[in-house]
Protein chains: 2
Amino acid sequence: MLSRASKYAILSTLFLAEHSSETHKISVKVIAESIDVPNPFLAKLFQQLVRGKIISSTKGPNGGFYLTKKNGKRTVLDIIENIDGLSRLNECFLGLSECDGLNPCPVHFIVEPFKNGILGKFRDLSIMEFSKEIIAQGRKLTLKDISTDFEKK
Amino acid sequence: MLSRASKYAILSTLFLAEHSSETHKISVKVIAESIDVPNPFLAKLFQQLVRGKIISSTKGPNGGFYLTKKNGKRTVLDIIENIDGLSRLNECFLGLSECDGLNPCPVHFIVEPFKNGILGKFRDLSIMEFSKEIIAQGRKLTLKDISTDFEKK
DNA sequence: ATATTAAAGGACCTTTTTATCTTTTATTAT
DNA sequence: ATAATAAAAGATAAAAAGGTCCTTTAATAT
Ligand code: FES
Ligand code: FES
């Protein structure tokens with residue numbers, strides 16, 4: 001449904017929301033390691049997110065990526081739109097050319113409320129609001145296998 | 001979430017459920033054209049479904065693919081398992097390594113009931129039951145753009 | 001028996017997605 | 001000014017998914 005690229009972009013942007021600021025920029029390297037995403041691939045994604053004004057960057061020493069207040073008001077849906085385009089979110093679960101009530105596939109009426117739920121959340125909450133929710137719930141958004149953390153302990 | 005291959009396989013098997021029988025076998029070509037799926041690609045998928053005993057085939061004149069009574073008792077989930085494996089169905093929507101309540105991603109509690117709904121339907125209904133539902137509702141499961149049908153009219 | 005038909009099997013090709021590498025450009029601390 | 005730093009840009013590569021083609025095998029109608 002979402003490409004890996006989108007997922008990386010979402011998690012990384014939420015990471016910036018939580019850990020960066022205009023006075024504390026973060027390099028791709030740090031982010032890539034924190035959430036366990038391939039470094040140069042993430043760099044590419046970030047370039048595109050910067051062009052889409054979803055995140056911000058500055059070059060040079062103490063440079064890196066960060067969110068401005070304005071950036072924080074963008075939505076997760078903006079990220080998806082920027083990376084994957086919106087069409088992928090609206091695909092029929094079984095591949096029919098149209099996903100709507102006109103010629104619904106056998107699972108359409110299970111899929112539709114889910115889609116609306118996800119879409120609503122991605123569209124109506126800003127990145128910053130989204131992030132606050134995550135912090136409040138004490139979640140760790142990393143692709144690292146958390147079980148390895150337990151072992152290390 | 002599902003590969004295109006799985007989707008093709010599901011729609012094609014449901015087509016067999018509706019249109020084939022032990023005395024009326026259908027060739028890949030006919031099916032591929034009916035639901036608008038690439039012919040040789042579908043042939044490969046069917047080979048695999050036959051090996052998985054989800055559909056049946058006979059070679060030679062009047063040969064083709066069909067469902068036995070036993071085949072009809074298999075489930076859509078069997079098809080998915082046979083083509084994609086089950087892991088793809090259980091992936092976290094945002095790519096976290098585990099999708100469960102332990103470290104749920106921000107949309108986990110929207111995703112989970114959906115997954116359960118889909119999974120339940122795919123697991124608890126046999127292919128034949130599934131098909132009857134579709135017939136009762138008068139659905140057309142083809143990948144063809146239906147709007148072109150309107151134009152042709 | 002033979003020709004015909006349609007699936008099975010295996011090799012191969014294309015496109016898309018994911019990932020990497022190298023060079024250039026901008027920023028800033030010294 | 002200069003060196004160091006980090007992103008931008010662009011070219012390339014590897015992997016996965018999707019799709020095609022050709023030869024072999026099995027079934028059957030004649
Ligand atoms: S028509 Fe298939 S999910 Fe909507
Ligand atoms: S943890 Fe992300 S969907 Fe379940």
Side-chain angles (χ1 to χ4, degrees), chain A residues 1-13 16 20 22-33 35-67 71 80 83-85 87-88 91 95 143, chain B residues 1-13 16 20 22-33 35-67 71 80 83-85 87-88 91 95 143:
Chain A
M1 220 146 197
L2 294 184
S3 68
R4 210 179 285 190
S6 270
K7 292 172 183 172
Y8 291 169
I10 293 169
L11 297 179
S12 305
T13 304
L16 286 180
S20 81
E22 315 216 10
T23 55
H24 181 243
K25 295 155 192 174
I26 308 181
S27 71
V28 204
K29 194 163 165 283
V30 168
I31 300 163
E33 281 169 9
I35 57 179
D36 200 29
V37 142
N39 190 322
F41 190 56
L42 186 57
K44 283 285 143 194
L45 290 174
F46 270 8
Q47 279 181 33
Q48 197 173 330
L49 291 174
V50 169
R51 281 194 296 266
K53 299 192 194 304
I54 292 163
I55 67 177
S56 303
S57 69
T58 46
K59 297 180 178 180
N62 297 316
F65 296 92
Y66 60 99
L67 296 191
N71 291 146
I80 296 172
I83 303 287
D84 279 349
S87 55
R88 281 182 79 137
E91 281 167 355
L143 301 183
Chain B
M1 218 147 200
L2 296 184
S3 68
R4 210 178 286 188
S6 270
K7 293 172 183 173
Y8 291 169
I10 293 171
L11 297 179
S12 305
T13 303
L16 286 180
S20 81
E22 314 215 13
T23 55
H24 180 242
K25 295 154 191 172
I26 309 181
S27 70
V28 204
K29 195 166 165 280
V30 168
I31 300 163
E33 282 170 8
I35 58 178
D36 200 30
V37 143
N39 191 322
F41 190 55
L42 185 56
K44 283 286 144 198
L45 291 174
F46 270 9
Q47 281 181 33
Q48 198 173 330
L49 292 174
V50 169
R51 281 195 296 267
K53 300 194 194 302
I54 292 164
I55 66 177
S56 302
S57 67
T58 46
K59 297 178 176 180
N62 297 315
F65 296 91
Y66 60 100
L67 295 191
N71 290 147
I80 296 171
I83 303 287
D84 280 349
S87 56
R88 281 183 77 137
E91 282 166 353
L143 301 183

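Labels below follow one simple rule: chain letters A, B, ... track the order of the sequence lines, proteins then strands, and each chain is numbered from 1. No hydrogens, no waters, no symmetry mates; every other heavy atom, side chains included, goes into these values.
- The nearest pair of heavy atoms linking A:Thr13 to A:Leu67 is O-CD1, 4.1 Å.
- Residue contacts for B:Pro38: at a heavy-atom cut-off of 4.0 Å it reaches the sugar-phosphate backbone alone, with no base atom in range.
- The B:Arg4 side chain lies nearest to D:dG19 when the options are D:dA6, D:dG19, C:dA7.
- Nearest nucleotide to the A:Pro40 side chain, out of C:dT20, C:dT18, D:dA8: C:dT20.
- If you check every strand for non-hydrogen atoms under 4.0 Å, A:Ile26 touches sugar and phosphate atoms only.
- Comparing A:Pro61 and A:Asn39, the nucleotide of DNA chain C nearest to each residue sits closer to the 5' end for A:Asn39.
- One finds the CG atom of A:Asn71 at 8.0 Å from the OH atom of A:Tyr66 (value rounded to the nearest 0.5 Å).
- Judged by distance alone, with hydrogens and angles left aside, A:Gln47 brings a side-chain donor or acceptor within reach of the base of D:dA9, the pair sitting under 3.5 Å.
- Across every non-hydrogen atom of B:Val28 and B:Ala43, the tightest pair is CG1-N, 3.6 Å.
- Separation of atoms CZ (B:Phe46) and CG (B:Leu16) is listed at 4.5 Å; rounding is to 0.5 Å.
- In this structure, A:Ser57 does not reach the D:dA6 phosphate: none of its side-chain N or O atoms is under 4.0 Å from OP1 or OP2.
- Checked against C:dA6, C:dT25, C:dA19, the side chain of B:Lys59 finds its nearest nucleotide in C:dA6.
- Counting only heavy atoms from C-beta on, B:Asn62 has its side chain closest to D:dA29 among C:dA19, D:dA29, D:dT20.
- Of the candidate nucleotides C:dT20, D:dA6, D:dG18, C:dT20 has the atom nearest to the side chain of A:Phe41.
- Taking only side-chain nitrogens and oxygens, B:Tyr8 never comes nearer than 4.0 Å to OP1 or OP2 of D:dG18.
- Of the side-chain N and O atoms in A:Arg51, none sit less than 4.0 angstrom from OP1 or OP2 of D:dA8.
- Taking only side-chain atoms of A:Lys44, from C-beta outward, the nucleotide of D:dG19, D:dA9, C:dA6 with the closest atom is D:dA9.
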